[in-house]
*Asks:* 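Could you have a look at this structure, given as structure tokens, before my questions?
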Amino acid sequence: MCSTDEWAERRGTVGRARPGRTLRVDPDGMIWCAVPRHARFEYWRDPVKTARAWRDDAFTVGDLGRIDADGYVFLDGRRDDLVITGGMNVYPLEIERALLEHPAVHDAVVFGTDDERWGRRVCAAVVGDLESAEVHEWLARRVAPYKRPKQVLVVDAIPVGPTGKVRRSALAATLGLE
């Protein structure tokens, strides 16, 4: 939960736990929420997914982030979106934020695709009036080398699925990279 005033004081937070819930972050950065017994849930006809989501009285939906000293949560992304390249973790949200600071970038999405050398390769699709070389130069001053997209595609629009959401897991194929 987060009021407008709380958000204004802590830009970027998604709030704190509701009463009766406790939040924690595990060593991998995954956020877990402990709930009362009556708040437990199961995924419809998916006991395997349910089992993966729960540890004792706490569940996760796969969000990665941090919790500050006052209990406010800040998200870095989702576990399923994480790109592990050469053994290093790259959170797409961090790179997307850097891309969106560029005045000519209107939209951006960062995703991974298979790579023989690195396991996964960081890629980006951007919407805007610029060339991929300009994107590479921009990011060279803002993010660590291993986090920089190896490939940048300038596209007319970011592809979305039927629900209107970006499906990172399908982007490489949709954009012709796989």
Side-chain angles (χ1 to χ4, degrees), residues 2 4 6-15 23-32 52 60-69 72-178:
C2 185
T4 304
E6 288 173 305
W7 189 87
E9 292 173 15
R10 293 171 175 83
R11 295 222 182 253
T13 187
V14 294
L23 298 172
R24 67 177 175 79
V25 177
D26 71 15
D28 294 325
M30 188 96 65
I31 299 170
W32 291 84
R52 279 196 315 257
T60 186
V61 294
D63 288 331
L64 298 168
R66 62 184 174 83
I67 301 172
D68 73 11
Y72 288 88
V73 177
F74 296 83
L75 298 179
D76 293 326
R78 298 197 57 116
R79 178 68 175 104
D80 292 345
D81 297 340
L82 177 68
V83 179
I84 302 174
T85 181
M88 304 296 285
N89 293 346
V90 177
Y91 298 97
L93 186 59
E94 176 188 359
I95 312 311
E96 289 167 1
R97 285 179 178 151
L99 287 166
L100 291 169
E101 289 175 0
H102 191 292
V105 173
H106 306 296
D107 201 3
V109 63
V110 173
F111 57 98
T113 187
D114 291 336
D115 187 275
E116 286 185 27
R117 180 175 180 195
W118 301 106
R120 299 287 286 167
R121 177 177 68 237
V122 179
C123 299
V126 299
V127 176
D129 186 26
L130 72 171
E131 301 290 326
S132 61
E134 189 176 349
V135 173
H136 287 289
E137 289 175 27
W138 178 264
L139 290 176
R141 296 186 304 268
R142 287 166 176 77
V143 299
Y146 73 91
K147 296 179 181 182
R148 294 182 206 144
K150 304 291 185 256
Q151 188 167 8
V152 174
L153 303 169
V154 178
V155 296
D156 292 331
I158 302 296
V160 295
T163 61
K165 294 182 179 181
V166 174
R167 292 186 48 228
R168 287 178 209 270
S169 61
L171 273 177
T174 302
L175 295 171
L177 299 178
E178 290 184 344

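Bear in mind the structure is a predicted one, so any value in this text is a computation, not a measurement.
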*Asks:* Look at R120 together with D115 and state whether they make a salt bridge at an N to O cut-off of under 4.0 Å.
*Replies:* no
*Asks:* Hey, could you give me the OG1/CG distance between T113 and L177, rounded to the nearest 0.5 Å?
*Replies:* 5.5 Å
*Asks:* Show the nearest heavy-atom pair for residues G62 and T60, with the distance to one decimal.
*Replies:* N-OG1, 3.0 Å
*Asks:* Just wondering, are more than 12 heavy atoms of other shown residues or ligands nearer than 6.0 Å to CZ in R79?
*Replies:* no
*Asks:* Say you draw a straight line from NE2 of H106 to CG of L99; how long is it, rounded to the nearest 0.5 Å?
*Replies:* 13.0 Å
*Asks:* Is the CZ atom of R117 crowded by more than 12 outside heavy atoms at less than 6.0 Å?
*Replies:* no
*Asks:* Is a side-chain N or O of Q151 found less than 3.5 angstrom from the main chain of C123, in a donor-acceptor match?
*Replies:* no
*Asks:* Do L139 and H102 have side-chain heavy atoms sitting under 4.5 Å apart?
*Replies:* no
*Asks:* Side chain of R142, backbone of A98: donor and acceptor closer than 3.5 Å?
*Replies:* no
*Asks:* So does E6 have more than 12 non-hydrogen atoms from other groups sitting under 6.0 Å from CD?
*Replies:* yes
*Asks:* Looking at every heavy atom in both I67 and V73, which two are closest together, and how far apart are they?
*Replies:* CG1-CG2, 4.0 Å
*Asks:* Closest approach of A124 and V110, non-hydrogen atoms and distance?
*Replies:* CB-CG2, 4.1 Å
*Asks:* Decide yes or no for D63 and R78: does some side-chain heavy atom of the first lie under 4.5 Å from some side-chain heavy atom of the second?
*Replies:* yes
*Asks:* Search all heavy atoms of L64 against all heavy atoms of Y91 and return the closest pair with its distance.
*Replies:* CD1-CE2, 3.2 Å
*Asks:* Is the cationic atom of R168 (NZ for Lys, CZ for Arg) positioned less than 6.0 Å from the six-membered ring centroid of F111 and within 45 degrees of its normal?
*Replies:* no
*Asks:* Determine the minimum heavy-atom distance between G15 and C2, stating which atoms define it.
*Replies:* CA-CB, 3.4 Å
*Asks:* Is P92 close to V109 at the side-chain level, that is, under 4.5 Å between some pair of heavy atoms?
*Replies:* no
*Asks:* Between atom CD of E131 and atom NE2 of H136, what is the distance when rounded to the nearest 0.5 Å?
*Replies:* 11.0 Å
*Asks:* If you measure from CD on E137 to CG on L130, what distance do you get to the nearest 0.5 Å?
*Replies:* 10.5 Å
*Asks:* Shortest non-hydrogen contact from A108 to L100?
*Replies:* N-CD2, 3.9 Å
*Asks:* A quick test of your reading: do over 12 heavy atoms of other residues, nucleotides or ligands sit less than 6.0 Å from CZ of R167?
*Replies:* no
*Asks:* Hey, is the main chain of M30 close enough, under 3.5 Å, to the side chain of D28 for a donor-acceptor pair?
*Replies:* no
*Asks:* Quick check for you: to the nearest 0.5 Å, what is the distance between R24 atom CZ and I31 atom CD1?
*Replies:* 11.5 Å
*Asks:* Is a side-chain donor or acceptor of T13 paired with a backbone partner of F74 at a separation under 3.5 angstrom?
*Replies:* no
*Asks:* Using a 3.5 Å distance criterion without hydrogens, assess whether the side chain of S132 forms a donor-acceptor pair with backbone atoms of L153.
*Replies:* no
